[in-house]
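First comes the structure, then the notes that go with it.
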Amino acid sequence: METPDERKQPRRMRVYEQWQGNETFFFWGHMVAGPNWRASVGTALLLLAPTGIFLGFVAPYVAREVHAVILVFSCLLPAMAGVFLFLTACRDPGIITRQEPDEEYLAGRTSRTKEVLVNTHRVLIRYNDTCHFYQPPRAHHCSVNDNCIERFDHHCPWVGTTIGKRNYRTFLLFIFTATILCLYVCGVCLAQLFLKHKELADAATDGSNQWGATVRQVIPALVIMGYTFIFFWFVGGLSGFHCYLVGSNQTTYENFRYNHDNRPNPYDMGILRNCAQVFCTPTPPSQVDFRAFVDEVKPRPAFPSNLELAPPTVSFQTDPDRAPLPQQYGAMAGPQLYRPPATEGTGRPHVGQTGSLQQTEPSIHSGYTGPMPGNAQQPGRYQGHTSAEQPWDGSPGVTSQQNSPVVSPLVESNGEQQWHSPGVHSSSGEENTLHSSSIGSSQPSHNQQQQSVHQQSNLNAG
């Protein structure tokens, strides 16, 4: 008998009862399927319905005429395809459980990306704002299941769930078995056609052509043969594509988004080891215990403990909306052009009478826009990025403000180095350029400055 105090206590909830994703659970959390699990039932009907017709009208006749093993394979192949379909659709594909946001994330100090080493290659991983952890390499957040899937391949509408690390092998076995089944059924139906024609031709006494009578007697075989021939091109093409992916150690998502054919694939270990990794390794256990009580679940670290951070290197920022900037150059970051603020009401930068720009050298101190020091060395030519308010302060990871004009790199002309600004034009329609002495030379003298201004005035007058 329960005491009144025990009856008042709330029931302990299990993980599958408070699950935040879109998965569907059966048998009290022992089986997990995708949100559109009914699609797998439809796929099973497309597989079993023609199989029943085949076993009822085609396979027994051919087995009597040829060998009983025909009937064995006619039952074995559909059964294998159905089992692999069930294991693919009703298994955890590799869900990575969500976490609560930590203090670093709530304070806005969490880095959006990190670089890790994978087989000596640098791989970028991203912080997931929905699941609140850094996604491991090859993981991706499935928008249909609304969960991060380890080694995400794709979301299959025919199976009704996401294909990931834990069900990719059974998915491959399902499409491979379905391909073999299509070829086998088509071949057996064709064999029945010729066997029936031979039987009718031998029984005919007038020696007439018996093809018409043969076709009328094998109509189920002809229907099944056409059905399997059409489906063969679908599952056969899918099987061939995934054979290529397995041999090159790619996923469907990686192949369509990153196209490792045009750049190195950090996961490729050779065709034999790639195939062994998919077919000869044990299936890892699920990271989520759906039957566990919610209050017993332990949080996992935001950054995977089995990953090694890549060491910092001198690299260029790859923001598609901005020109690349050097991230680490010490105190000096190379020369850049400082464009004065835009003239009010025009939306164009305020330029002096000569239309020239001021060449500056950013410092580690914010807001420094003075002339280039004499001992400043340019670490490398790059495409500079200017700001409408202040230049880049030289600190790593800090980008210029948005909607900033882009200044093209140095261009050598007649032994001189020029800054080319496509946004400023003279009255004659020619683009203004800023001449400077070679990088690393001493600060220009007063006469050199006057000569540069004189050249700009002549250019505008021309």
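Values below: all heavy atoms of this structure, side chains included; hydrogens, waters and symmetry mates excluded. In what follows, residues are counted from 1 in the order of the sequence shown.
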Can you name the residues that form a side chain to side chain donor-acceptor pair (under 3.5 Å) with E23, not counting sequence neighbours? W19, N145, N147
Rounded to the nearest 0.5 Å, how far apart are CZ of R12 and CG of D295? 4.5 Å
Check: W158 ring centre within less than 6.0 Å of F174 ring centre: no
Criterion side chain to side chain donor-acceptor pair (under 3.5 Å) on Y61 and E199, from CA distance to verdict: CA-CA 12 Å; Y61 176 83; E199 177 185 351; 2.6 Å; yes
Please work out which of the three classes, parallel, tilted or perpendicular, describes the rings of W233 and F229, given edges at 30° and 60°. perpendicular
On a heavy-atom basis, the closest approach of C243 and F176 is SG-CZ, 3.8 Å
Using modelled atom types only, decide if a donor and an acceptor are shared between the side chain of R91 and the backbone of R166 within a distance under 3.5 Å. yes
So does E17 pair up with R11, basic N to acidic O under 4.0 Å? yes
One pair to check against side chain to side chain donor-acceptor pair (under 3.5 Å): T228 and Y184. What are the steps and the verdict? CA-CA 9 Å; T228 55; Y184 175 80; over 6 Å; no
Does N249 offer a backbone N or O that forms a donor-acceptor pair with the side chain of N265 under 3.5 Å? yes
Within the side chain of Y134, is there an N or O that forms a donor-acceptor pair under 3.5 Å with the backbone of S111? yes
For the CG atom of L222 and the CG atom of L190, what is their distance to the nearest 0.5 Å? 9.0 Å
Interatomic spacing from CZ in F84 to CZ in R169 - rounded to 0.5 Å: 10.5 Å
For the pair D153 (side chain) and T252 (backbone), establish whether a donor and an acceptor sit closer than 3.5 Å, ignoring hydrogens and angles. yes
Does T162 offer a backbone N or O that forms a donor-acceptor pair with the side chain of N167 under 3.5 Å? yes
Nearest-0.5 Å distance, CD1 of residue I175 to CG of residue L181: 14.0 Å
Assess the pair H242 and F171: is the distance between their ring centroids shorter than 6.0 Å? yes
H132 side-chain N/O to D129 backbone N/O, donor-acceptor pair under 3.5 Å: yes
T161 side-chain N/O to A33 backbone N/O, donor-acceptor pair under 3.5 Å: no
Donor-acceptor pair, side chain of R14 and main chain of R291, under 3.5 angstrom: yes
Where does the angle between the aromatic ring planes of F26 and W37 fall among parallel (under 30°), tilted (30 to 60°) and perpendicular (over 60°)? perpendicular
Give a yes or no on whether the backbone of A39 and the side-chain of N36 come within a donor-acceptor separation of less than 3.5 Å. no
In terms of relative ring orientation, are H140 and F152 parallel, tilted or perpendicular, with 30° and 60° separating the classes? tilted
Sidechain-backbone polar pair: N128 side chain, F133 backbone, donor-acceptor under 3.5 Å: no
